[in-house]
*Asks:* 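So that we are looking at the same thing, I have put the structure below in structure tokens.
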Protein chains: 2
Amino acid sequence: MNIGEIAKRAGVSRSTVSYALSGKRPVSDETREKIQRVIDDLGYRPNASARALANGRTSTIGLVFPPAGNHYTGMQLDFIGSVVEAAAAHDYDVLLSPSGVDSDRSFQRLLGERRVDGAILMEIRLQDDRVDHLAELDFPSVTIGRTARPEGTWWVGLDHTALAAACVHHLADLGHRRVAFVNRPEQLLQAGYESAHRGLDGFTKAAAERGLTVRTYRCGDDPASGQACLEQILHDDPATTALVTLNEAALGGLYRGLAHAGRHVPRDFSVTGVVASRWAETVTPQLTAADVPAEEMGRRAVDLLIERLDHPGAAPRHHLLAPPISLRASTGPAGGPSFAEPPTPVSPS
Amino acid sequence: MNIGEIAKRAGVSRSTVSYALSGKRPVSDETREKIQRVIDDLGYRPNASARALANGRTSTIGLVFPPAGNHYTGMQLDFIGSVVEAAAAHDYDVLLSPSGVDSDRSFQRLLGERRVDGAILMEIRLQDDRVDHLAELDFPSVTIGRTARPEGTWWVGLDHTALAAACVHHLADLGHRRVAFVNRPEQLLQAGYESAHRGLDGFTKAAAERGLTVRTYRCGDDPASGQACLEQILHDDPATTALVTLNEAALGGLYRGLAHAGRHVPRDFSVTGVVASRWAETVTPQLTAADVPAEEMGRRAVDLLIERLDHPGAAPRHHLLAPPISLRASTGPAGGPSFAEPPTPVSPS
DNA sequence: CTCCTTCGTCGAACCGGTTCGAGGGCGAAC
DNA sequence: GTTCGCCCTCGAACCGGTTCGACGAAGGAG
């Protein structure tokens with residue numbers, strides 16, 4: 001079931017079969033039909049490894065996955081799904097690489113062994129050895145996120161600074177004066193994760209601009225940490241009336257902490273942040289948030305990579321996205337109705 | 001930077017370099033060290049395509065992903081993560097295939113073009129053309145889930161029948177008599193999804209055994225559908241006091257619907273089901289549920305596949321898992337404390 | 001009737017590894 | 001001093017495609 005077999009049965013040479021399939025040289029109608037008939041009969045498909053060896057391209061892109069052991073968030077799933085889908089539309093496969101540690105084994109596999117034509121990197125750090133390494137090699141790649149100095153590289157990113165600032169302004173406009181910020185875990189900040197740092201910057205600057213009193217927290221990527229973090233917030237400053245979070249996975253715990261503390265959302269306490277819409281709509285009340293357009297980002301990353309592969313030497317391009325805040329049900333005016341309404345038999349969740 | 005270059009610089013033949021690397025024939029210490037030095041200097045790594053072509057194995061396994069366009073659930077992410085991680089431990093890469101439609105394009109790519117040595121399939125149906133097709137070809141594969149007749153095949157599965165029954169018994173033991181079942185979407189049932197059918201079976205039989213009054217529902221995989229479904233349940237039978245769900249993605253909506261209807265969980269209404277622990281712990285109150293051990297299932301699937309690849313002709317093996325119900329906070333006795341306790345100022349979420 | 005194109009096809013080389021059979025060098029046994 | 005055997009290394013063939021140069025047949029121009 002290889003090309004020689006097809007050639008033999010069709011009574012032509014191997015090269016003719018190849019040309020009939022690729023169309024790179026003219027083949028007579030008669031011959032082409034004869035070959036096609038044999039191929040259909042036998043269900044022949046050319047061997048991907050042989051093809052990759054011959055023309056130097058694997059038709060596969062690598063998706064460098066955050067290090068395993070972390071808790072994966074829903075956002076990451078959305079990235080993966082959209083990347084796979086977009087790649088399929090361009091006839092590319094996606095190879096998953098659980099890399100993260102710099103130039104580790106699986107990273108070497110992808111590049112050194114030429115398993116992929118290009119790569120998409122997730123979970124970018126401000127200083128990122130992987131990105132530097134790829135740039136040095138001039139290996140075709142696109143990052144989802146950007147380093148401290150993204151000039152001259154290919155990337156798709158979110159304007160975390162602006163998004164966090166927008167959250168602050170939203171809360172300030174509602175009259176909130178004492179606001180907490182719930183960031184990603186300590187270890188991710190130390191590792192230099194882009195979203196955590198840029199989000200914190202945007203929050204801090206906007207809060208200073210509006211003269212807010214703020215406290216910032218780092219919080220583990222799980223509900224239990226979220227709950228603990230919220231208790232800490234209310235312990236440190238019981239007068240806090242709102243929070244901004246980048247921590248999707250802790251969200252359920254933050255809500256639970258508020259419920260346990262007897263703070264009703266949004267009457268007594270407002271919550272907002274930067275979260276994938278799927279999650280924002282899962283919690284009750286639904287979260288007012290800057291929706292991370294994960295699906296669009298994945299798709300755009302693939303499109304950029306394909307462009308880079310098809311046009312080597314093209315000028316670097318990027319997309320910086322800043323989705324608007326979707327108003328849902330988790331924010332309200334500071335102070336709330338302050339019992340102007342009767343304490344109706346509220347239905348707790 | 002190919003094997004010939006290494007050979008030339010080390011002053012040996014290409015085959016000697018190959019043997020030095022693979023160890024399949026003895027090579028003198030002196031020669032081996034000389035070769036190793038050159039390899040280290042140049043950072044040489046053998047080309048994966050060439051190697052795959054020569055020895056017929058790609059060191060890659062395919063993960064056949066549910067069709068895109070579906071909403072991905074957290075459970076799927078856990079499967080993917082654990083499969084990638086387990087595969088890396090065996091020095092295999094993972095190629096993602098967004099297949100699902102029977103014998104479609106990307107399925108053909110994986111098998112026909114020999115991109116992978118074996119495959120792991122997710123989202124199995126009771127009658128599954130993909131599984132039949134692979135069995136016919138005797139292509140090494142393992143399914144996460146099992147068909148109606150899994151005898152003689154390799155799989156890792158969950159005993160959905162037993163799990164749903166355990167949920168029913170748990171509720172019946174607490175005194176609930178009118179219970180609803182919230183299944184996956186209509187279209188997945190029609191497609192024959194295993195979990196939806198076996199879960200429904202287990203629920204129905206156990207409910208009959210315990211003499212419960214039940215209603216069953218199909219519900220879209222998103223919060224909005226969950227909320228609508230809950231409204232329907234209370235509309236159809238306001239005396240319903242509990243529900244069992246297989247629908248992770250709708251869970252947030254079910255909770256929201258209960259809150260809107262003024263039913264407190266678990267005082268007025270109990271909720272349980274089969275859900276990944278990560279989600280069960282995210283909602284408030286935390287869900288009493290049979291935790292799907294997604295991480296373990298992914299790992300076992302890889303282990304089985306590797307075993308099958310390493311020992312062609314080995315007797316088919318499988319793992320049927322039935323994790324116990326984790327008691328959390330979403331179920332309670334039917335009728336509840338019925339205001340024996342004072343209506344404390346409950347904190348609504 | 002020749003000469004020159006054009007068209008369609010073929011054979012051979014190549015991509016970068018692996019593997020098999022053979023052979024050179026050397027020490028031990030006779 | 002042969003002969004045998006072992007250890008190590010080499011050359012060649014092969015995996016299954018792609019691609020280049022060449023060549024024969026047919027057709028048009030002179």
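Letters A, B, ... are given to chains in the order of the sequence lines, protein chains preceding strands, and every chain is numbered from 1.
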*Asks:* If the helix axis at each end comes from five base pairs, how far does the helix from dC1(C)-dG30(D) to dC30(C)-dG1(D) deviate from straight, to 10°?
*Replies:*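 It comes to 60° between the two terminal axes.
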*Asks:* How would you list, by chain and number, every residue that makes a salt bridge (charged side-chain N to carboxylate O under 4.0 Å, His left out) with Asp138(B), sequence neighbours excluded?
*Replies:*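 Counting only residues at least two positions away or on another chain, Asp138(B) forms a salt bridge (charged side-chain N to carboxylate O under 4.0 Å, His left out) with Arg308(B).
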*Asks:* Keeping the roles fixed (side chain from Asp117(B), backbone from Ser59(B)), state whether a donor-acceptor pair exists under 3.5 Å.
*Replies:*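 Flag set: sc Asp117(B) to bb Ser59(B) pair under 3.5 Å.
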*Asks:* Excluding sequence neighbours, so at least two apart, what forms side-chain contact (heavy atoms from CB on, under 4.5 Å) with Gln127(B)?
*Replies:*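 By the side-chain contact (heavy atoms from CB on, under 4.5 Å) rule, Gln127(B) matches Ala148(B).
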*Asks:* My understanding is that only one of Leu96(A), Asp93(A), Val84(A) makes a side-chain contact (heavy atoms from CB on, under 4.5 Å) with Leu95(B); could you say which?
*Replies:*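 Result: among Leu96(A), Asp93(A), Val84(A), Asp93(A) is the only option passing the side-chain contact (heavy atoms from CB on, under 4.5 Å) with Leu95(B).
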*Asks:* Could you work out, with ring pair (Phe, Tyr, Trp, His ring centres under 6.0 Å) as the rule, every residue matching Trp155(A), not counting sequence neighbours?
*Replies:*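 Trp155(A) satisfies ring pair (Phe, Tyr, Trp, His ring centres under 6.0 Å) with His318(A) once adjacent residues are dropped.
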*Asks:* With sequence neighbours left out, what residues match Arg299(B) under side-chain contact (heavy atoms from CB on, under 4.5 Å)?
*Replies:*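 Arg299(B): side-chain contact (heavy atoms from CB on, under 4.5 Å) contacts with Ala86(B), Glu295(B), Glu296(B), Asp303(B).
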*Asks:* Under the salt bridge (charged side-chain N to carboxylate O under 4.0 Å, His left out) rule, what pairs show up with a residue in residues 36-55 of chain A, not counting sequence neighbours?
*Replies:*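 Non-adjacent pairs meeting salt bridge (charged side-chain N to carboxylate O under 4.0 Å, His left out): Arg45(A)-Glu113(B).
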*Asks:* Hey, can you pull the residues of residues 45-54 of chain B with a non-hydrogen atom under 4.0 angstrom from DNA chain C?
*Replies:*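 The answer is Pro46(B), Asn47(B), Ala50(B), Arg51(B), Leu53(B), Ala54(B).
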*Asks:* Restricting to pairs with a member in residues 148-157 of chain A, which pass salt bridge (charged side-chain N to carboxylate O under 4.0 Å, His left out), not counting sequence neighbours?
*Replies:*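 Residue pairs passing salt bridge (charged side-chain N to carboxylate O under 4.0 Å, His left out), neighbours aside: Arg149(A)-Glu151(A).
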*Asks:* Contact boundaries of DNA chain C with chain B (under 4.0 Å, heavy atoms), 5' to 3'?
*Replies:*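 Here the contact window of chain B covers dG16(C) to dA22(C).
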*Asks:* For Arg14(A), check salt bridge (charged side-chain N to carboxylate O under 4.0 Å, His left out) against everything at least two apart and list the hits.
*Replies:*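 Testing Arg14(A) for salt bridge (charged side-chain N to carboxylate O under 4.0 Å, His left out), a comparison that skips the adjacent residues, returns none.
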*Asks:* Between Thr31(A) and Asn2(B), name the one whose nearest nucleotide on DNA chain C is closer to the 5' end.
*Replies:*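 Between the two, 5'-proximity favours Thr31(A).
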*Asks:* Restricting to side-chain contact (heavy atoms from CB on, under 4.5 Å), what partner residues turn up for Ile306(B), sequence neighbours left out?
*Replies:*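 Per chain and number, Ile306(B) pairs via side-chain contact (heavy atoms from CB on, under 4.5 Å) with His90(B), Tyr92(B), Val302(B), Asp310(B).
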*Asks:* Does a salt bridge link Glu30(A) with Lys34(A), judged by any charged N lying under 4.0 Å from a carboxylate O?
*Replies:*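 Between Lys34(A) and Glu30(A) there is no salt bridge, as every charged N stays at least 4.0 Å from the carboxylate O atoms.
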*Asks:* State whether the side chain of Arg109(B) and the backbone N or O of Asp91(A) hold a donor-acceptor pair below 3.5 Å, judged by distance alone.
*Replies:*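 Flag set: sc Arg109(B) to bb Asp91(A) pair under 3.5 Å.
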*Asks:* Output the residues of residues 12-27 of chain A in contact with DNA chain D, where contact means a heavy atom of the residue under 4.0 Å from an atom of the strand; sort by number or write none.
*Replies:*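 Only Arg14(A), Ser15(A), Ser18(A), Tyr19(A), Lys24(A), Arg25(A) qualify.
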